[in-house]
> 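So that we are looking at the same thing, I have put the structure below in C-alpha cells.
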Amino acid sequence: MSKRYAKFCIVGGTGMVVDMGIIWLLASPYMLGWNLSLSKAIAAEVAIFNNFFWNHLWTFRGLATNGNAWLERLARFGKFNLICVAGIGLSVLLLNAQVYRLNMNVYLANFISIVLVSIWNFFMNLRFGWNAPAPSL
C-alpha cells in the first residue's frame with residue numbers, strides 16, 4: 001500500500017501544480033482578482049479531473065473490474081469527484097481559516113490544506129472509488 005500511496009502523492013503533486021496555477025490565475029490581484037473561495041473551488045475541481053485521469057491510468061491500475069470500460073470509468077469518476085468534493089469543502093475551510101484568521105500566506109495555506117486533505121482523499125478513494133479492501137491498521 002505504501003507504493004500505491006507514493007504514486008497517489010506524485011499524482012497529487014501534479015494536481016497541486018494545477019491547483020496552485022489556477023488559484024493564482026483566478027485569485028491574484030495581479031491577474032483576475034476573483035473571490036478566494038470561488039477561485040479555490042474552481043482550481044480544486046480542475047485538479048480533481050487531472051488527478052482522476054492519472055490515478056486511473058497509474059496509481060490504481062489493476063483495481064478496476066473488466067466490465068463496460070466507459071460506463072465503469074464514468075461511475076468511478078463520479079465517486080472520485082464526490083469523495084473529493086468533501087475534500088474541497090474541507091480545503092476551502094482550512095484555507096480561509098489560515099489566511100483570514102492566522103494571516104498566513106495564501107499559497108502556504110493552500111499547500112497545507114492540500115496536504116491534509118490528500119490523506120482523506122487517498123483512503124476514501126482506495127476503499128470506495130476503486131473498491132479495494134479496507135486497509136488494516
> Tell me, please, which residues at least two apart from Ser28 pass side-chain hydrogen bond (donor to acceptor under 3.5 Å, both in side chains).
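Testing Ser28 for side-chain hydrogen bond (donor to acceptor under 3.5 Å, both in side chains), a comparison that skips the adjacent residues, returns none.
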> Is there a path from Met20 to Val18 through hydrophobic residues (I, L, V, M, F, W, Y) whose side chains come within less than 4.5 Å of each other?
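No, because Met20 and Val18 fall into different hydrophobic clusters, even though each may have its own neighbours under 4.5 Å.
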> Does the side chain of Ile10 reach to within under 4.5 Å of the side chain of Trp58, using non-hydrogen atoms?
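Yes, at least one pair of side-chain atoms sits under 4.5 Å.
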> Side-chain heavy atoms under 4.5 angstrom apart, residues restricted to Ile, Leu, Val, Met, Phe, Trp, Tyr: same cluster for Val117 and Val17?
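No, because Val117 and Val17 fall into different hydrophobic clusters, even though each may have its own neighbours under 4.5 Å.
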> Answer yes or no: does atom CZ of Phe49 have more than 12 heavy-atom neighbours from other residues, nucleotides or ligands under 6.0 Å?
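Atom CZ in Phe49 is not crowded, with 12 or fewer foreign heavy atoms closer than 6.0 Å.
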> Same cluster or not: Leu82 versus Leu74, using hydrophobic residues (I, L, V, M, F, W, Y) connected whenever any side-chain heavy atoms lie under 4.5 Å apart?
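No; tracing contacts between hydrophobic side chains, which count when under 4.5 Å, never links both residues.
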> Just wondering, do Asn51 and Phe80 contact through their side chains at under 4.5 Å, heavy atoms?
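Yes. Closest side-chain heavy atoms under 4.5 Å.
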> Any idea which heavy atoms bring Val92 and Ser37 closest together, and the distance?
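Reported closest heavy-atom pair: CG1-OG, 4.0 Å.
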> Give the minimum heavy-atom separation between Trp120 and Gly87, together with the two atoms involved.
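For Trp120 versus Gly87, the nearest heavy atoms are NE1-N, 3.9 Å.
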> Which atoms form the tightest heavy-atom contact between Asn121 and Ile83, and what is the distance?
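For Asn121 versus Ile83, the nearest heavy atoms are OD1-O, 3.9 Å.
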> So Arg73 and Phe52, do their side chains get closer than 4.5 Å, heavy atoms only?
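A side-chain contact under 4.5 Å exists here.
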> Measuring only between side-chain heavy atoms, which start at C-beta, is Val11 closer than 4.5 Å to Phe53?
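No - every pair of side-chain heavy atoms lies 4.5 Å or more apart.
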> What heavy-atom pair brings Ile48 and Val85 nearest, and what distance separates the two atoms?
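For Ile48 versus Val85, the nearest heavy atoms are CD1-N, 4.5 Å.
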> Linking I/L/V/M/F/W/Y whenever their side-chain heavy atoms sit closer than 4.5 Å, directly or via other members, would Trp34 and Val99 fall into one cluster?
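Per the 4.5 Å side-chain linkage, Trp34 and Val99 are not co-clustered.
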> Taking all atoms of both residues into account, what is the closest heavy-atom pair of Ile114 and Lys40, and its distance?
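Here Ile114 and Lys40 meet closest at CG1-NZ, 3.9 Å.
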> Any chance you could measure Gln98, atom CD, to Ile112, atom CD1, to the nearest 0.5 Å?
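Between atom CD of Gln98 and atom CD1 of Ile112 there are 5.0 Å.
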> Closest approach of Ala47 and Gly15, non-hydrogen atoms and distance?
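It is CB-O, 3.4 Å.
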> Working to the nearest 0.5 angstrom, can you tell me the gap between Ile88 CD1 and Leu93 CG?
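Result: 12.0 Å between the selected atoms.
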> Parallel, tilted or perpendicular for Phe122 and Phe60, by the 30°/60° rule?
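Phe122 vs Phe60 ring planes: parallel.
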> How far does CG of Leu94 sit from CZ of Arg101, to the nearest 0.5 angstrom?
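Separation between the atoms: 13.5 Å.
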> Given side chains that start at C-beta, do those of Met31 and Leu26 come closer than 4.5 Å, heavy atoms only?
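No. Closest side-chain heavy atoms not under 4.5 Å.
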> Less than 4.5 Å apart, side chain to side chain, heavy atoms only: is that true for Asn125 and Asn55?
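Not in contact.
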> Is it true that, when you exclude Phe77 itself, more than 12 heavy atoms of the residues, nucleotides or ligands shown sit nearer than 6.0 Å to its CZ?
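Yes.
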> Using 0.5 Å steps for rounding, measure from the NZ atom of Lys79 to the CE atom of Met124.
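If I round to the nearest 0.5 Å, the distance is 11.5 Å.
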> Just so I know, are the side chains of Leu126 and Phe8 near enough to count as touching, which here means a heavy-atom distance under 4.5 Å?
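No, every pair of side-chain atoms sits at 4.5 Å or beyond.
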> Could you check if a side-chain atom of Trp54 sits within less than 4.5 angstrom of a side-chain atom of Lys7, using non-hydrogen atoms only?
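No, side chains not in contact.
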> Does Leu90 belong to the same Ile/Leu/Val/Met/Phe/Trp/Tyr cluster as Leu38, with side-chain heavy atoms less than 4.5 Å apart forming each link?
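No, Leu90 does not connect to Leu38 through the hydrophobic network.
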> Classify the side-chain pair Asp19/Asn110 by whether it contains a donor and acceptor separated by less than 3.5 Å.
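Yes, a side-chain donor-acceptor pair sits under 3.5 Å.
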